[in-house]
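Note sheet for the following structure.
First the proteins, then the strands, lettered A, B, ... as listed; each starts at 1. In this text the structure is predicted, and so the values were computed from the model without any measurement.
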Amino acid sequence: MRYALVDCNTFYASCEKVFRPDLRHKPVIVLSNNDGCVVAMSREAKALGIPRGIPLFKVEPLIRKHNIEVFSSNYTLYHDLSKRVMDILRTFAAELEIYSIDEAFLVLKGEDRDDFAEQIRGTVMTWTGIPVSVGIGPTKTLAKAANKIAKDNPQGYYDFSSENSREFLTKLDIGDIWGIGRQYKAFLNRKGIFTALQLTEQSDSWIKKNLTMVGLRTKWELEGRPSIDMEMAPPPKKGILSSKSFSYPVTDFIDLREAAADYGTTASGKLRRQGSVCRYVNISVSTNNFRKTDRQYSNAATIELAVPSSYPPDIICAAQKGLERIYRKGYKYKKITVYLTGIEEEQRGQLDLFLKEDPRKYQVMKSIDKINKKYGRNTLNCMSKRDTSRWQMKREKLSPLYTTNWKDLPLIPL
DNA sequence: TCTGGGGTCCTAGGACCC
DNA sequence: TCTGGGGTCCTAGGACCC
């Protein structure tokens with residue numbers, strides 16, 4: 001069996017370039033929510049030495065100097081282009097696992113030709129304008145490692161089986177292995193382990209003791225024994241959260257209440273889309289940890305619903321009840337999170353209960369979902385809002401919704 | 001002035017039970 | 001002086017991923 005990992009190159013930055021051919025060879029960076037940090041960079045921007053995750057204000061001089069193009073995150077655009085890429089990949093694979101917005105594992109079809117990787121790269125580029133890299137190997141972990149090499153390979157792909165595996169594992173740094181993060185890398189380095197090959201030379205029991213079962217599976221995968229399953233259909237989420245940082249410090253309880261309602265609405269929408277209900281609503285608030293001179297406070301509360309629900313007012317009421325418990329006057333709040341847990345499938349029995357309680361609830365919910373799907377999020381909302389500018393997200397450099405909004409369709413001058 | 005959001009899995013340790 | 005063993009359940013926190 002052969003696995004392939006297909007990964008979109010500098011995905012967010014590439015999405016921004018698709019409809020902006022003038023930016024083709026220019027450095028482009030994409031920011032996190034609130035235009036806070038740099039989360040994605042084009043190849044040209046990486047070459048200028050900008051570290052991922054750095055706050056925007058720290059690289060302002062560099063941006064001016066090199067005329068770097070800056071974008072707020074346009075998730076609507078990225079998700080739409082991601083879906084198009086995945087639809088193409090599906091036609092190449094016996095099995096497809098969408099691993100993240102810009103990555104997918106494929107189990108290759110038996111009859112695959114040698115130019116499989118080139119076919120994929122060519123098709124995705126022609127049909128979407130997104131460049132991808134392809135790594136191929138006998139396990140998911142090795143395909144992932146091969147992909148890393150493919151990124152620096154001018155051909156854009158790399159096949160693990162094309163090389164001596166001992167040599168490959170010797171060159172593979174321990175920190176570049178999928179599943180080995182910063183902490184484990186530091187720990188292993190202290191033990192004198194620097195390469196993938198050295199990791200595979202440790203005993204199973206030692207690895208399990210120090211890196212848990214997850215680490216042991218990684219070892220087996222490096223040895224060429226598939227130990228991590230493909231997940232073709234994403235399992236239902238066990239926790240769903242909606243959380244945002246405020247662009248300005250929030251002190252007023254009313255503002256926090258509105259934010260709780262807003263994120264409660266978002267989270268309950270995700271819940272309904274996966275056909276689930278939740279039993280617990282957890283809400284947490286915190287001040288800005290980076291401002292050492294501010295008085296710090298953070299707290300959380302969990303509310304159990306009388307009946308598991310996905311009905312927005314139920315979620316919102318619980319979130320606000322929790323908020324009342326943990327809110328303390330006099331702090332500058334930076335972040336609020338609504339986290340839904342105790343997730344169960346929406347079942348007949350529960351639905352009956354729900355309907356018995358008030359059948360109109362169900363109708364209202366369905367109608368709201370339908371209207372918002374047709375006319376856009378937030379067309380109908382549960383709470384009337386005051387001026388929300390104080391806490392809403394900052395997105396000053398947003399690109400158009402080229403592929404999902406008629407008004408934003410790109411025009412070609414003739 | 002300005003530091004993201006959304007997930008999963010695993011383990012240790014405490015509470016509680018007989 | 002001497003203070004068990006085995007089990008379950010829950011939560012917090014730490015590791016990882018993108």
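- Of the listed nucleotides (B/dC10, B/dT3, C/dC18), B/dT3 has the atom at the smallest distance from the side chain of A/Lys334.
- The side chain of A/Arg217 places an N or O atom within less than 4.0 Å of a non-bridging phosphate oxygen (OP1 or OP2) of B/dC10.
- Relative to the side chain of A/Val214, the nucleotides B/dC10, B/dG4, B/dG7 differ in distance, and B/dC10 lies closest.
- One finds no salt bridge joining A/Glu221 and A/Lys140 here, because no Lys/Arg side-chain nitrogen approaches an Asp/Glu carboxylate oxygen to under 4.0 Å.
- Checked against the 6.0 Å centroid criterion, the rings of A/Trp178 and A/Phe105 qualify as a close aromatic pair.
- For C/dC17, neither phosphate oxygen OP1 nor OP2 lies less than 4.0 angstrom from any side-chain nitrogen or oxygen of A/Lys144.
- Taken from CD in A/Gln320 to CZ in A/Phe253, the straight-line distance is 7.0 Å, to the nearest 0.5 Å.
- Backbone-only engagement by A/Ile180 is indicated by non-hydrogen atom pairs under 4.0 Å involving sugar-phosphate atoms exclusively.
- Residue A/Lys185 places no side-chain N or O under 4.0 Å from the OP1 or OP2 atom of C/dA15.
- At a threshold of 4.0 angstrom between heavy atoms, the contacts of A/Asp102 are confined to the sugar-phosphate backbone, with no base atom among them.
- Side-chain nitrogen and oxygen atoms of A/Lys208 include none within less than 4.0 Å of the OP1 or OP2 phosphate oxygen of B/dC10.
- Looking at the side chain of A/Lys58, the nearest of the listed nucleotides B/dG5, B/dG7, B/dT3 is B/dT3.
- Taking atom CD of A/Glu304 as the reference point, atom C1' of C/dC10 lies 14 Å away to the nearest angstrom.
- Here the side chain of A/Val39 is nearest to one of B/dT3, C/dC18, B/dG4, namely B/dG4.
- Both A/Lys209 and A/Arg291 sit near DNA chain B, but only A/Arg291 has its closest nucleotide nearer the 5' end.
- A/Asn34 contributes a side-chain N or O that, together with a main-chain N or O of A/Ser245, makes up a donor-acceptor pair within less than 3.5 Å.
- Both distances falling under 3.5 Å, in either a Watson-Crick or a G-U wobble arrangement, place B/dC18 opposite C/dG5.
- Within the 4.0 Å cut-off from OP1 or OP2 of B/dG5, at least one side-chain nitrogen or oxygen of A/Ser245 is found.
- In this structure, A/Tyr331 has its ring center under 6.0 Å from that of A/Tyr297.
- Closest to the side chain of A/Ser243, from the set B/dG4, B/dG6, C/dC18, is B/dG6.
- Between B/dG4, C/dC18, B/dG7, one nucleotide has an atom nearer to the side chain of A/Asn33 than all others, and that is B/dG4.
- Comment: A/Arg90 does not engage A/Glu95 in a salt bridge, judged by the lack of any side-chain N to carboxylate O separation of less than 4.0 angstrom.
- Residue A/Gly53 is classed as having no contact, given no heavy-atom separation below 4.0 Å to the nucleic acid.
- When distances run from any side-chain atom of A/Asn288 to the nucleotides B/dG5, C/dC16, B/dT3, the shortest one goes to B/dT3.
- In this structure, A/Lys238 reaches the B/dC9 phosphate: one of its side-chain N or O atoms is under 4.0 Å from OP1 or OP2.
- Listed candidates were B/dG4, B/dC2, B/dG7. Nearest to the side chain of A/Ser32 is B/dG4.
- In this structure, the nucleotide among C/dC18, B/dG5, B/dC10 sitting nearest to the side chain of A/Lys335 is B/dG5.
- Across all strands shown, A/Ser242 has heavy atoms under 4.0 Å from sugar-phosphate atoms exclusively, and none from any base.
- Considering only the side chain of A/Lys270, B/dG6 comes nearest among C/dC18, B/dG6, B/dT3.
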